[in-house]
Amino acid sequence: MVRRYWRRGRPECAGHEWLAAAAPEKIMQITVLVALTLLVLTAFGFLTGRRRALAVRARSGPRLHSLPNYYGYYIALWTGGPALVLLAVYGAFGSGLVNTLAMSQLEREAAPLIAEFERQLDSDSDFIALLEEAAEAETDALEAREAITRARDAGLDPQAFQAALAGHTTRLTEIGARLGQRRADIARTVAARAPSSDAGIRARSGFEFWNSPRERRELFLADARAIAFGEGLASRNTPELRAAALAMRPVEDIFRYSVAALALSMAVGGLAWGRSRIKASFRARNRVETAITGLLMFASVIAILTTLGIVFSLLFESLRFFASIGWRVGDFLFGLQWSPQIAIRADQIGQSGAFGAVPLFAGTALITAIAMTVAVPVGLFSAIYMSEYAGPRVRAVAKPILEVLAGVPTVVYGFFALLTVGPFLRDFALFLGYEDAVTQSALSAGLVMGVMIIPFVSSLSDDVINAVPQSLRDGAYAMGATKSEAIRHVVLPAALPGIVGAVLLGVSRAIGETMIVVMAAGQGANLTANPLESVTTITVQIVTLLTGDQEFDSSKTLAAFALGLVLFVLTLMLNIIALRVVQRFRERYE
Amino acid sequence: MAYDTNPAPSTVYHPAPPGMQIKVAARDLSVTYGDALALDRVQIDIPDRSVTACIGPSGCGKSTFLRCINRMNDTIDTARVRGSIKIDGEEVNDRSIDPVLLRARVGMVFQKPNPFPKTIFENVAYGPRIHGLAANKDELAAIVETSLTKAGLWKEVADRLHQPGTSLSGGQQQRLVIARAIAVNPEVILMDEPCSALDPIATARIEELIDELRENYALIIVTHSMAQAARVSQMTAFFHLGALVEYGPTEEIFTNPRDQRTQDYITGRFG
């Protein structure tokens, strides 16, 4: 079956329609087959190792160093390990390599078309005129920006210049669109000149790929792969894509078969090598230990690298954001106005976009403070009751119930805040004569978030209070302290660092909490300390900036990354402090 | 309870030393932890201004006996105390007695030094503070100094009173805990294996201290070291399986034990 499409897939074959209906699952089977064979070989390796070790033990020679199973594991590791690594590497980088090889071949075939396109582009009068216009608009925009800065520095109202800048920006966008249009027109005429033979289509395919911007290239490759190997659904199905798919297949086949062959021979080789090393004196146990250590280390490296990756992506996107607002980092961190909407047309309001994040920090701080005012006393007191006063029977019932709170999804808390607590607080405020009360307020979000955090504080505090040695309590009682004196004077001070740690972890939970605030705190970026007004937080704004239809490189979207970075740094610092405090706690008693 | 039907354990009492003043007197004192009988109808008279050592194999009830005297058994949910124990003729187990006030009169030192996570000064000042013994700061400082001096620790810590108590060495911590106990001016000091977590040099210091404290207090000390009991105590009580087996002046017990079990224990045949 595999062989058949090879033959039929030759470029001489004129119609490509059959390609979409080819049977890619046959190729998948090879990978599955190789994986299964590897499994069988590994199992066989284990049995061989064990059997050989048993045979060595049966001979009355020197004592076998390790238990027979370890020899089995050793051979299994040699059989499966390298081959699996090879397959993993191929899985990670193989398709990219195939794409590059196939497409660079097509691009070479498209060389005449590319040359022709560049020649026409350079000589096209419309295109040159548009370029000049763009340069002019750019200069105007630059001047307008400088004028705004000068006006600001001079304490004048820069509004007139801002309007001009918006005009220039719009003009630039328009010119950009026309430039793209013209370029596409030329590309189309050039491509149309290629013959509709197979070679021509291949050249057109290479040309289209060459002429695509980065994102379009990825889409092109994805579509071609979808046609060639049935990886997902193709968004288009053009002759060019089919030609690319056709170019990919043989390359992919060569890779697949050679990797499969290589993996299998590595497995067999590993098996033979492992087998040849088994002697009574061979320290299989230590070797297996080393391999396990390596595996554990690999796992932790993955965790660390993932974290690093996230941090770096946040960092780079944040840098892009700061670049887009002209490196006014101070304005972002200390600005008092947050309105990230950027105008698409000149006549829209709030065109310039204000990225002063202080209202968000203030909102986050307000809600966190409200939440902790609820969570710390309730959590801590219930922890004290649970660990010091409650009998074992009460404890057995009450503690799990308290911990159920931690299992409630935050979205449930969210609509509880929105539908129950919010209206109640609003009505109560109205009843007290506060006229501006709203349903979505910092107070309702904060209160409900506090309830959510209670189990974190209480559970962790309970643990640290229980960890205070009984001898300290006995010492206090023996001094004639009452129970509450013993708790206040001795137990709590001893547990304090741990409790502080628990509270800080609660705070970082509160800062990072999203769902409750999205639903219950409102959206208005008000800079206020009034808990009955609606506020917005860092997390809510990230959600707002990134959901919905957005271009992914506007400052509006990129602002989300900068906010994310701030959030990350905040919670990281809190966690580090919490960990430090908890660490000190361990040294306290001795 | 089942043990009530059994005959009360018999105790060998050696003649008391002449002119002995009784400080603590126990009559028919029994303690159960849940269903387990820890102390079975103990009768004992403990003299004032001397050291009484309680010896016996592990689990014989000597610590339980000690904890009856300041009602520390109250802090254990399953513990039940019966019978009578009197200090200066006053019933300890009486309902009218507030255990909190009782513990101000009966200090206790534990096996493992347990200074509070506070400064050295605050550790010693803790008792006087909660019992309101000092009218002002100077008085409090005076109490702290006297107590630390009595515990033989003043010279070592005078210049670092505001460092945490946990920064001291094990032996110093134990003396700090003793200073903490005597700061509330108790009448009786209970010590539950006070030297078992210490090295020989620190042990020697504590033993010296115990000998000095005898001038002013009634001390009752639980110990696993026969040599220590012989060195520091004037009276010795031997407990076995919750019963008081033999009680009398330390010399008598060690040189002339009358019960076979006492003899076996002090000659190291069991325990």
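Naming: A, B, ... by sequence-line order, numbering from 1 per chain. Model, not experiment: these values are computed from the prediction. Both backbone and side-chain heavy atoms feed into the values below; hydrogens, waters and symmetry mates do not.
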For chain A, which candidate among [options] shows the most heavy-atom pairs at distances under 4.5 Å?
options	result
Met108(B), Arg105(B), Arg129(B), His131(B)	His131(B)
Leu190(B), Leu102(B), Val177(B), Asn114(B)	Asn114(B)
Asp77(B), Thr75(B), Val106(B), Asn70(B)	Thr75(B)

- Would you mind reporting whether Val451(A) and Phe416(A) have side-chain heavy atoms less than 4.5 Å apart? no
- Item | From CD1 (Ile189(B)) to CG (Leu219(B)), nearest 0.5 Å |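 Here the rounded value is 5.0 Å.
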- Task: Below 4.5 Å from any heavy atom of chain A, which atoms of Arg71(B) appear? Answer side chain, backbone, both or neither.
- Result: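 Contact with chain A: none, neither part.
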- Query: What part of Val109(B) gets closer than 4.5 Å to chain A, counting heavy atoms only: side chain, backbone, both or neither?
  - Reply: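 Neither part, no heavy atoms under 4.5 Å.
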- Task: Flag the pair His489(A) / Phe116(B) as yes when their ring centroid distance falls below 6.0 Å, and as no otherwise.
- Result: no
- Message: Which residues pass the salt bridge (Lys or Arg N to Asp or Glu O under 4.0 Å) test with Asp88(B), not counting sequence neighbours?
- Response: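 Counting only residues at least two positions away or on another chain, Asp88(B) forms a salt bridge (Lys or Arg N to Asp or Glu O under 4.0 Å) with Lys23(B).
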- Query: Ser63(B) and Asp192(B): side-chain donor and acceptor closer than 3.5 Å?
  - Reply: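 A pair is found: one side chain offers a donor N or O, the other an acceptor, under 3.5 Å apart.
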